[in-house]
Amino acid sequence: MTTVIDGNEIGDQITEGVAECTETLVNEGVTPGLATVLMSDDGASETYVSMKQQACAEIGIEGYHYELDADEPAETLFATIDDLNADPAVHGILVQMPVPDHVDKREVLERIDPMKDVDGFHPENVGRLVSGNARYKPCTPHGVQKILAKTGIETEGKDAVVVGRSDIVGKPMANLLIQYGSGGNATATVCHSRTDDLAAKTRDADIVIAAAGVPEMIDGSMLTEGTTVIDVGINRVDADTEKGYELVGDVDFESAKAKADAITPVPGGVGPLTIAMLMYNTVKAASLQSGVDVTLP
Ligand code: GUN
């Protein structure tokens, strides 16, 4: 029997622990604050940001939300970030990616105070992660680690194939998998659009993590019996539904499920963990900035 991993349930467990930490902080006079900044007309980005704000409200984190027109100059975004860096009520800052083409993504990431960089995308935080001393682990790869741990899937000594080399998921995912210790100690291979014979790599894997942003690109024929399949993709594809689209992952669920030992669905797999780990990082940020200790889940 294939285990279909329930990301909502795992996300709820973590959120519960994060909510307890939030209560501890509030009782000490520190209300964790998360600022989200959206500079995009993209419908999916709007949805993701509003889900993040909703999660804050449910947990007791103070949410602050800023929307900038997509055609505003980059300086407006930088000024917003500067204000948030200086605001002691804001412990975490998230600028939803992607930003418009005329805005240099790297300048945005470097502008955010590394102590408030709850995405873990600032070069200082990337460096800390790579050197095994992470401050804020990027939310989606950290969520994948939690899914594996809570499902009892060992990573030590396993061959993990990450499909996709993004700064947001693929690269940090591979880095987490090769770290010393629990949730790490794996042999990680990062595949991407120029990889020769991808199917040979995925067929050799114990764990496949699909994060390429290509709808249903990994199917059962590319997998060996007993593989763990983690689908990070959330792709909107045209469909005859009320909204005119449906969400599919990077994995062809039915054919992959026939081969997998355990698999995450889309939606309801990795997505809820991304949000739970953002709440986790925000509470960690509030703890680090206030000096009030909490025990994170
Ligand atoms: N866009 C897609 N995923 C993410 C994320 O984890 N953080 C930010 N800031 N933008 C994103």
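Atoms within each ligand, like the ligands themselves, are counted from 1 in listed order.
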Under 3.5 Å, which donor-acceptor pairs link side chains of residues 49-58 to any protein atom two or more places apart or in another chain?
| from | atom 1 | to | atom 2 | distance (Å) |
| --- | --- | --- | --- | --- |
| Ser50 | OG | Thr47 | O | 3.1 |
| Lys52 | NZ | Gln96 | OE1 | 2.8 |
| Gln53 | NE2 | Thr36 | OG1 | 2.7 |
| Gln53 | NE2 | Tyr64 | O | 3.1 |
| Gln54 | NE2 | Glu58 | OE2 | 3.4 |

(Q) Is it the case that the side chain of Asp250 and the backbone of Ala212 share a donor-acceptor pair, with hydrogens and angles ignored and the cut-off at 3.5 Å? (A) yes
Using a 3.5 Å cut-off and no angle test, enumerate the donor-acceptor pairs between side-chain atoms of residues 23-31 and protein atoms at least two apart in sequence or in another chain.
| from | atom 1 | to | atom 2 | distance (Å) |
| --- | --- | --- | --- | --- |
| Thr24 | OG1 | Glu20 | O | 3.1 |
| Asn27 | ND2 | Glu23 | O | 3.4 |

Show me the donor-acceptor pairs within less than 3.5 Å that the side chains of residues 257-269 make with the rest of the protein, sequence neighbours left out.
| from | atom 1 | to | atom 2 | distance (Å) |
| --- | --- | --- | --- | --- |
| Lys259 | NZ | Gly220 | O | 2.9 |
| Lys259 | NZ | Leu223 | O | 3.1 |
| Thr264 | OG1 | Asp231 | N | 2.8 |

Do the side chain of Thr22 and the main chain of Gly60 share a donor and acceptor less than 3.5 angstrom apart? no
Under a 3.5 Å threshold, I'd like every N/O contact between ligand 1 and protein atoms, with atom names and distance.
| from | atom 1 | to | atom 2 | distance (Å) |
| --- | --- | --- | --- | --- |
| ligand 1 | 1 (N) | Gln96 | NE2 | 3.2 |
| ligand 1 | 1 (N) | Met97 | O | 2.9 |
| ligand 1 | 7 (N) | Asp119 | OD1 | 3.0 |
| ligand 1 | 9 (N) | Val95 | O | 2.9 |
| ligand 1 | 9 (N) | Asp119 | OD2 | 2.7 |
| ligand 1 | 10 (N) | Met97 | N | 2.9 |

Checking Ser40 side chain against Val99 main chain: does a donor-acceptor pair fall under 3.5 Å?
no
